[in-house]
Amino acid sequence: MNVKNRYLSFMLTLLTFLMIVSSCRTDENTQTQIDEFHLPIKIAKHQQYKNAAVSSAHHLASEVGVQVLKDGGNAIDAAIAVQFALAVTYPIAGNIGGGGFMVIRTEEGLYDALDFRETAPANANKDMYLDADKNVIPNLSLLGHLACGVPGVVDGMEKAFDKYSKLKNWSRLVEPSIELAQRGFYVTNKQASSLNKRRKEFKKVNDKPIAFVKGKAWKQGDILTQPDLAKTLEAIAKNGRAGFYEGEVANLLVEEMNQNGGIINLEDLKKYTSKWRAPVVSDYRGYTIISMPPPSSGGIALIQLLNSIEPYNIESMGFHSTEAIHLMVEAERRVYADRSKHLGDMDFYDVPIATLIDDDYNQMRMSNFDPSKASLSSEIEPSDIKESEETTHFSIVDQWGNAVSLTTTINTGYGSKVVVDGAGFLLNNEMDDFSAKPGVPNFFGLVGNEANAIAPGKRMLSSMSPTIVEKDGELKIVVGTPGGSTIITSVFQTIVNIIDFGMNANAATQSCRFHHQWLPDKIQIEERCLDENIIDTLEKMGHATVSRKSIGKVETIVVNDDGILDAAADRRNDDSVSGY
Ligand code: GLY
């Protein structure tokens with residue numbers, strides 16, 4: 001090696017060293033985990049960006065979205081790519097075998113909402129989860145093939161692409177996910193333990209080998225590859241919705257159903273269609289709230305909650321004061337009672353939207369609010385509180401000011417646990433979001449009625465609340481979260497934290513949360529969240545309280561007054577922001 005080559009070789013080594021050091025930099029907002037292969041997994045919880053930002057449940061999905069934005073795609077293009085990337089990197093909730101909702105605000109200030117919620121198969125019926133004595137058969141709507149609704153994601157992504165894509169290159173949006181599924185990605189500590197926890201259920205409903213079960217337990221740094229999923233994504237990249245709802249993938253899905261007592265058939269798949277809906281819109285203290293209409297209860301309930309507390313000066317009560325919590329909980333109690341009765345798929349049931357989001361109606365509902373005393377929910381036996389509430393959310397703002405707030409789900413963690421043999425994707429257990437029997441709580445302890453009874457082709461009621469907030473006609477907040485029934489109250493608290501308590505995106509996202517849903521009649525409070533004195537006072541006022549593990553995983557982007565995008569990803573999991 002001559003002197004010149006030695007010098008070049010030294011410079012190259014130095015450069016590589018500096019790159020590794022800089023990529024491993026840890027600052028206040030960045031946790032860097034080193035896996036056993038010494039490659040950094042970067043998780044950024046809070047960053048500010050000049051142009052565009054993505055906040056999602058997985059750092060690789062956030063990066064896929066940002067790369068699409070840098071290549072000239074808009075927020076909708078990025079959302080499509082992030083949705084597919086999460087189906088690979090975040091299988092607990094990211095998906096192509098489930099559904100979701102997308103709320104859009106364009107750079108021109110137009111609002112839109114896409115409903116790609118699953119539907120009940122044509123052979124579903126009202127009593128399908130009841131035994132001969134009309135009692136609900138435990139777990140039938142949660143685990144295995146009968147729990148699955150007809151998936152909506154791929155149709156939804158194609159509809160969004162057709163209407164809004166700027167890149168106009170569908171396969172470019174799916175390709176990063178194909179690569180992630182083929183090459184594999186590094187499993188985090190939390191992912192390893194969540195996969196290990198479901199091992200028994202995976203084995204119970206899948207008689208063939210699946211990517212999520214291996215010889216020994218998962219550990220951080222293992223690589224999860226999904227070759228069958230890669231093939232399915234290739235079919236989607238090539239043929240769009242037809243690559244999923246028809247042909248080889250559809251045949252595999254229906255074969256999976258036929259072999260195992262499921263009821264989704266080829267006609268269900270062919271007929272599935274996502275729908276553009278008019279978002280629900282309302283004012284809150286001079287801000288405009290834009291959120292998801294039915295079949296989600298989220299937008300209506302969120303607006304009801306904000307309308308209910310608007311006449312009160314919550315700012316002067318103070319953040320997490322007894323007075324503020326009592327007020328918010330009493331609003332939640334009334335709104336969730338309304339939810340159980342009035343909310344369902346409006347293609348099948350007349351939802352009184354205008355009344356429910358009306359200021360006067362909600363203030364009438366609060367007219368018996370007593371600032372010193374808890375009201376009583378009805379006497380129905382409270383159900384157990386569950387700690388696993390999956391679904392996932394991502395928020396995106398692009399360089400032109402288009403915004404997407406998208407929540408997607410296969411319902412509980414890893415959905416029905418059914419992986420379509422040969423196609424490698426997980427199917428949802430969304431049928432549990434219907435009311436299997438009036439008054440009997442579902443997994444989330446939510447009770448429902450006729451409005452949310454099962455019917456062929458009907459969409460099950462959701463709590464997903466992808467939301468966008470404007471101030472003076474300008475984009476201000478993009479927010480949402482997973483968490484089943486707690487979604488609505490988590491989004492509610494995040495918005496109140498920003499608007500009333502003046503918090504930035506990070507403080508509003510990371511602060512601890514509480515939740516009340518009418519039944520069970522208890523305030524659920526994140527552990528180590530509230531001062532013992534506050535809890536004592538609430539109990540003296542007549543509230544029952546219960547401590548629980550984390551509530552929600554909120555992804556928030558706030559547009560600061562100077563136009564800087566303040567992006568935060570929830571500390572409660574591996575969620576990560578990215579942008580430029
Ligand atoms: N699967 C939870 C929801 O849609 O609310």
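Heads up: numbering here begins at 1 and tracks the sequence. Each ligand, and each atom within it, is numbered from 1 in the order the structure gives.
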Can you tell me if Ser297 and Tyr336 form a side-chain donor-acceptor pair at under 3.5 Å?
no
Is the cationic atom of Arg199 (NZ for Lys, CZ for Arg) positioned less than 6.0 Å from the six-membered ring centroid of Phe202 and within 45 degrees of its normal?
no
Please check if any side-chain donor atom of His515 sits under 3.5 Å from a side-chain acceptor atom of Thr486, or the reverse.
no
Phe425 ring center within less than 6.0 Å of Phe244 ring center:
yes
Is the cationic atom of Lys159 (NZ for Lys, CZ for Arg) positioned less than 6.0 Å from the six-membered ring centroid of Trp276 and within 45 degrees of its normal?
no
I need the contact type for Met460 against ligand 1. Using non-hydrogen atoms and a strict under-4.0 Å cut-off, is it side chain, backbone, both or neither?
neither
Considering heavy atoms of the protein only, find what lies nearest to atom 4 (O) of ligand 1 and give residue, atom and distance to 0.1 Å.
Ser462 OG, 2.7 Å
Heavy atom of the protein closest to atom 2 (C) of ligand 1 (residue, atom name, distance):
Asp433 OD2, 3.2 Å
Qualifying residue, where the test is side chain to side chain contact (heavy atoms under 4.5 Å, CB included) with Trp518 and the options are Arg333, Arg334, Glu332
Arg333
Would you kindly specify which portion of Asn411 sits under 4.0 Å from ligand 1, judged on non-hydrogen atoms: side chain, backbone, both or neither?
both
Heavy-atom contacts with Met464 under 4.0 Å: which atoms of ligand 1 show up? List them by number with element.
4 (O), 5 (O)
Show which atoms of ligand 1 fall inside a sub-4.0 Å distance from at least one heavy-atom site of Ser463.
3 (C), 4 (O), 5 (O)
Mark up the atoms of ligand 1 that fall under 4.0 Å of a heavy atom belonging to Arg117, in ascending order.
4 (O)
